[in-house]
Protein chains: 2
Amino acid sequence: MNISDVQELADLLKALGEVNRLSLVCRLCECSTPQNAMCLCECCSVDASGVSRHLKMLAQEGVVSVEKRGRERSYSLNRAYVADRLRVLADKIEMKEEI
Amino acid sequence: MNISDVQELADLLKALGEVNRLSLVCRLCECSTPQNAMCLCECCSVDASGVSRHLKMLAQEGVVSVEKRGRERSYSLNRAYVADRLRVLADKIEMKEEI
DNA sequence: TTAATATTTGCATATTTGCGCAAATATAGT
DNA sequence: ACTATATTTGCGCAAATATGCAAATATTAA
């Protein structure tokens, strides 16, 4: 794993490693359909602007996808991508891959 | 997953989500024997005091274990614990567990 | 004891981060 | 056009974080 890979993975983990952002992710976990930001506000203790910023960061890191729907934005979790990155690290940590 | 679980997991991810700390973890990944801090200094761009602080934080989060060995401290990765926490999240994200 | 090595800690500093508020923007409905 | 709703952005602030340096501490070896 080279430096830029490590940096990239660190950025993803940092995005997930804030309690309100992780709450948003957990909330999206449990939703089978995309959710708008107003609805997501309820699950964490920040106002709409804060949620907007957190979701923007999660989108930049590929954690969520956004779809414009009229005046709303619908957010959904990139389940496969995030789960895969976490498992790649878990496997590396357990030496289940080549050095 | 309740709030304190989310907080705890966020703390772990935050500990891993800093590039120098993740470099330390990756370095420890590749070591079959415990390593001292001086040796670990080489893999990241901070001085000994910075490495000391990063390792302390990783130890507090349960990522690494420390063993005193004379004037050195030997660090080793808690592979099973960290990999398990990452997989629990990955499974949740892919809905491979109960809501 | 003295010197050397490994690590931690205090301090100062620079940077980043998370936050709320208010204003701006975008879009929908009337 | 006007109003309401959803979201973003600029701003300022306070707290957290990362860092290096120098001093302190711990332990080993001579």
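Every chain is numbered from 1, with letters handed out A, B, ... down the list of sequences.
- Under 3.5 Å, the side chains of B/S65 and B/N78 contain a donor-acceptor pair of N or O atoms.
- Using a 4.0 Å heavy-atom distance criterion, B/A37 is classed as a sugar-phosphate-only contact.
- Here the closest non-hydrogen pair linking B/V82 and B/G62 is CG2-O, 4.4 Å.
- B/G70 comes within 4.0 angstrom of the backbone, heavy atoms only, and of no base.
- Proximity note for A/K56 (side chain, C-beta onward) versus C/dG20, D/dT9, D/dT19: the nearest is D/dT9.
- Listed nucleotides: D/dG20, D/dT8, C/dC21. Nearest to the side chain of B/V46: D/dG20.
- In this structure, the CD atom of B/E18 is 7 Å from the C1' atom of D/dA18, given to the nearest Å.
- Here the nucleotide nearest the side chain of B/R53, chosen from C/dG10, D/dA18, C/dG20, is C/dG10.
- Considering only side-chain N and O atoms, B/H54 lies under 4.0 angstrom from the phosphate OP1 or OP2 of D/dT19.
- Nearest-nucleotide mapping onto DNA chain C: of A/R73 and A/K14, the residue sitting toward the 5' end is A/K14.
- Atom CE of A/M38 is separated from atom C1' of D/dT8 by 10 Å (rounded to the nearest Å).
- Below the 3.5 angstrom threshold, one finds no donor paired with an acceptor across the side chain of A/S49 and the base of C/dC19.
- As rounded to whole Å, 19 Å separates atom C1' of C/dG29 from atom CZ of A/R69.
- Note on B/R87 versus A/D91: salt bridge recorded, some NZ/NE/NH1/NH2 to OD/OE distance being below 4.0 Å.
- Salt-bridge check for A/K92 with B/E30: passed, with a basic side-chain N closer than 4.0 Å to an acidic carboxylate O.
- Here the P atom of nucleotide C/dT27 and the CD atom of A/E67 are 15 Å apart, to the nearest Å.
- Within the 4.0 Å cut-off from OP1 or OP2 of D/dT19, at least one side-chain nitrogen or oxygen of B/N20 is found.
- Between B/D47 and B/R53 there is no salt bridge, since no side-chain N of the basic residue sits under 4.0 Å from a carboxylate O of the acidic one.
- In the set C/dT7, D/dT7, C/dA28, the nucleotide with an atom closest to the side chain of B/S52 is C/dT7.
- Contact annotation: B/K68 reaches the phosphate of D/dT27 (side-chain N/O to OP1 or OP2, under 4.0 Å).
- Here D/dT27 is the nucleotide among C/dT9, D/dT27, D/dT7 with the atom lying nearest to any side-chain atom of B/R71.
- Atom P of nucleotide D/dT8 and atom CG of A/L58 are separated by 12 Å, given to the nearest angstrom.
- Atoms CD (B/E72) and C1' (C/dT8) sit 15 Å apart, rounded to a whole Å.
- Residue contacts for B/R21: at a heavy-atom cut-off of 4.0 Å it reaches the sugar-phosphate backbone alone, with no base atom in range.
- Heavy-atom minimum distance, A/L22 versus B/A10: CD2-N, 3.6 Å.
- Separating the CG atom of A/L40 from the P atom of D/dA6 is a distance of 13 Å, rounded to the nearest angstrom.
- When the C1' atom of C/dA6 is taken as reference, atom CD of B/Q35 falls 15 Å away, rounded to whole Å.
- Within 4.0 Å of B/S45, counting heavy atoms only, lie sugar-phosphate atoms of the nucleic acid but no base atom.
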